[in-house]
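A, B, ... follow the sequence lines: proteins, then strands. Residue 1 opens every chain.
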Protein chains: 2
Amino acid sequence: MSDTSLLQQLIEALRILPGVGVKTAQRMAFQLLERNRQGALNLADRLREAVEKIGHCQQCRTLTERPICRICSSASRNREILCVVESPADVMAIEHGTDFRGVYYVLMGRLSPLDGIGPTELGLDKLERRLEDGEIKEVILATNSTVEGEVTAHVIGEMARKRGIRTTRIAQGVPVGGELEYLDSSTLSHAFSGRRDYA
Amino acid sequence: MSDTSLLQQLIEALRILPGVGVKTAQRMAFQLLERNRQGALNLADRLREAVEKIGHCQQCRTLTERPICRICSSASRNREILCVVESPADVMAIEHGTDFRGVYYVLMGRLSPLDGIGPTELGLDKLERRLEDGEIKEVILATNSTVEGEVTAHVIGEMARKRGIRTTRIAQGVPVGGELEYLDSSTLSHAFSGRRDYA
């Protein structure tokens with residue numbers, strides 16, 4: 001057994017983090033051990049606690065330590081507007097960046113047959129039952145603007161339309177602060193076809 | 001207390017890692033919780049174990065879980081050649097990249113008066129006692145090629161020379177694979193002044 005074994009084990013363990021290779025993992029391990037042992041212990045506790053206690057919301061499937069998440073169980077949210085997103089990160093981004101006051105349905109992925117992700121994995125059956133029960137008046141499709149995200153939006157859009165529920169898709173176009181010159185042609189084309197009357 | 005509290009706490013805890021901002025910490029937390037809970041638990045254990053058990057080698061000051069590290073306690077290393085480096089990461093790089101078979105002295109930093117890092121913090125008194133005892137025949141100065149690294153090398157070089165110990169500095173010049181065209185002028189100038197007879 002080499003004497004660097006604990007250190008090597010720590011470096012190996014850090015590499016499960018997305019975007020962290022050998023060099024970065026080494027730097028992280030050294031920095032924690034040399035400068036922030038208290039922070040490292042705290043991180044260890046938070047990791048364990050999160051893994052042991054965080055599960056999925058029974059209503060919207062997002063990550064939460066409660067049976068029903070804070071948003072789904074809030075009395076002040078409008079349960080008639082359902083925003084469908086791919087991940088809990090999207091919920092966080094929408095909560096921080098918009099004044100949306102409806103509720104969410106978190107797919108925890110996107111349709112991707114090649115990766116074995118179909119309707120069941122995304123809980124579309126559960127979503128369908130929810131659309132069935134008549135409470136929802138509008139479905140906002142807020143999946144990513146990727147090929148898979150569009151396909152997923154299309155499938156859910158069909159499900160909603162079949163039941164006569166209003167279905168909207170978040171707007172595509174020029175990002176705020178964006179310069180036309182540097183925009184890809186597909187975004188620019190969407191921006192033109194989606195143009196609106198100028199008040 | 002918000003229901004995302006455990007998740008938020010985990011995201012906050014991840015931000016102590018070098019180079020990890022809010023967005024990256026979010027991505028790490030989601031990835032761990034959605035795809036690699038076992039890896040997260042393992043990381044928690046490795047962090048705790050490393051913090052609790054890893055200390056400094058009594059001889060060379062590197063990070064190790066033993067009183068004397070593997071290199072210092074190895075019978076096959078040449079104790080007459082001492083390589084002075086700034087950090088345990090440097091030891092790892094030299095062990096992987098060279099066939100150096102001497103021993104190390106790890107400063108755990110570099111002279112940096114503005115940051116309050118002086119000779120005491122780098123254990124230069126201990127290093128001096130070691131140079132004193134006569135076993136060391138050569139000191140290789142392998143601190144970084146930065147201003148602070150050069151100053152540190154200079155100070156230690158003086159300490160060694162005063163005791164008649166041979167002192168060398170690792171070579172500066174063109175990195176292997178490097179193209180002259182893209183090299184900074186200071187490196188190029190070092191490469192010229194340090195030119196050697198071409199065999």
Review point. If two hydrophobic side chains count as joined below 4.5 Å and joins carry through other members, does B:Val91 share a cluster with B:Ile170?
Key: yes
Review point. Could you give the distance from CZ (B:Arg37) to CG (A:Leu47), rounded to the nearest 0.5 Å?
Key: 11.5 Å
Practice item. Assess whether side-chain contact (heavy atoms from CB on, under 4.5 Å) is satisfied between B:Val20 and A:Met28, documenting all intermediate values. Key: CA-CA 10 Å; B:Val20 174; A:Met28 287 175 167; 3.9 Å; yes
Check your understanding: Top residue by heavy-atom pair count (under 4.5 Å) with chain A, among B:Gly109, B:Ser87, B:Pro18?
Key -> B:Pro18
Practice item. Please say which of B:Arg46, B:Met92, B:Lys53 ends up in a side-chain contact (heavy atoms from CB on, under 4.5 Å) with A:Leu7. Key: B:Met92
Study note, to complete from the structure: Scored by heavy-atom pairs under 4.5 Å with chain A, the best of B:Pro88, B:Ala50, B:Gly39 is B:Pro88
Exercise for review: Check the pair B:Arg48, A:Leu10 against side-chain contact (heavy atoms from CB on, under 4.5 Å), reporting the backbone distance first and the verdict last.
Suggested key: CA-CA 9 Å; B:Arg48 176 164 288 285; A:Leu10 174 58; over 6 Å; no
Review point. Is there side-chain contact between B:Glu34 and A:Leu63, with heavy atoms separated by less than 4.5 Å?
Key: yes
Practice item. Let me see the working for A:Leu17 and B:Thr24 under side-chain contact (heavy atoms from CB on, under 4.5 Å), right down to the final yes or no. Key: CA-CA 10 Å; A:Leu17 297 171; B:Thr24 311; over 6 Å; no
Check your understanding: Of the backbone (N, CA, C, O) and the side chain (C-beta and beyond), which part of B:Leu32 lies under 4.5 Å from a heavy atom of chain A, both, or neither?
Key -> side chain
Revision key, fill the gap. With chain B, the option among A:Ile16, A:Asn36, A:Leu43 that has the most non-hydrogen atom pairs under 4.5 Å is A:Leu43
Exercise for review: Against chain B, label A:Glu49 side chain, backbone, both or neither, depending on which of its atoms sit under 4.5 Å from a heavy atom there.
Suggested key: both
Check your understanding: Would one find more than 12 heavy atoms of other residues, nucleotides or ligands at under 6.0 Å from atom CZ of A:Arg166?
Key -> no
Check your understanding: Taking atom CZ of A:Arg101 as the centre, does the number of heavy atoms from other residues, nucleotides or ligands within less than 6.0 Å exceed 12?
Key -> yes
Study note, to complete from the structure: Max heavy-atom pairs within cutoff under 4.5 Å with chain A, candidates B:Leu33, B:Asn42, B:Asp45, B:Leu14, goes to B:Leu33
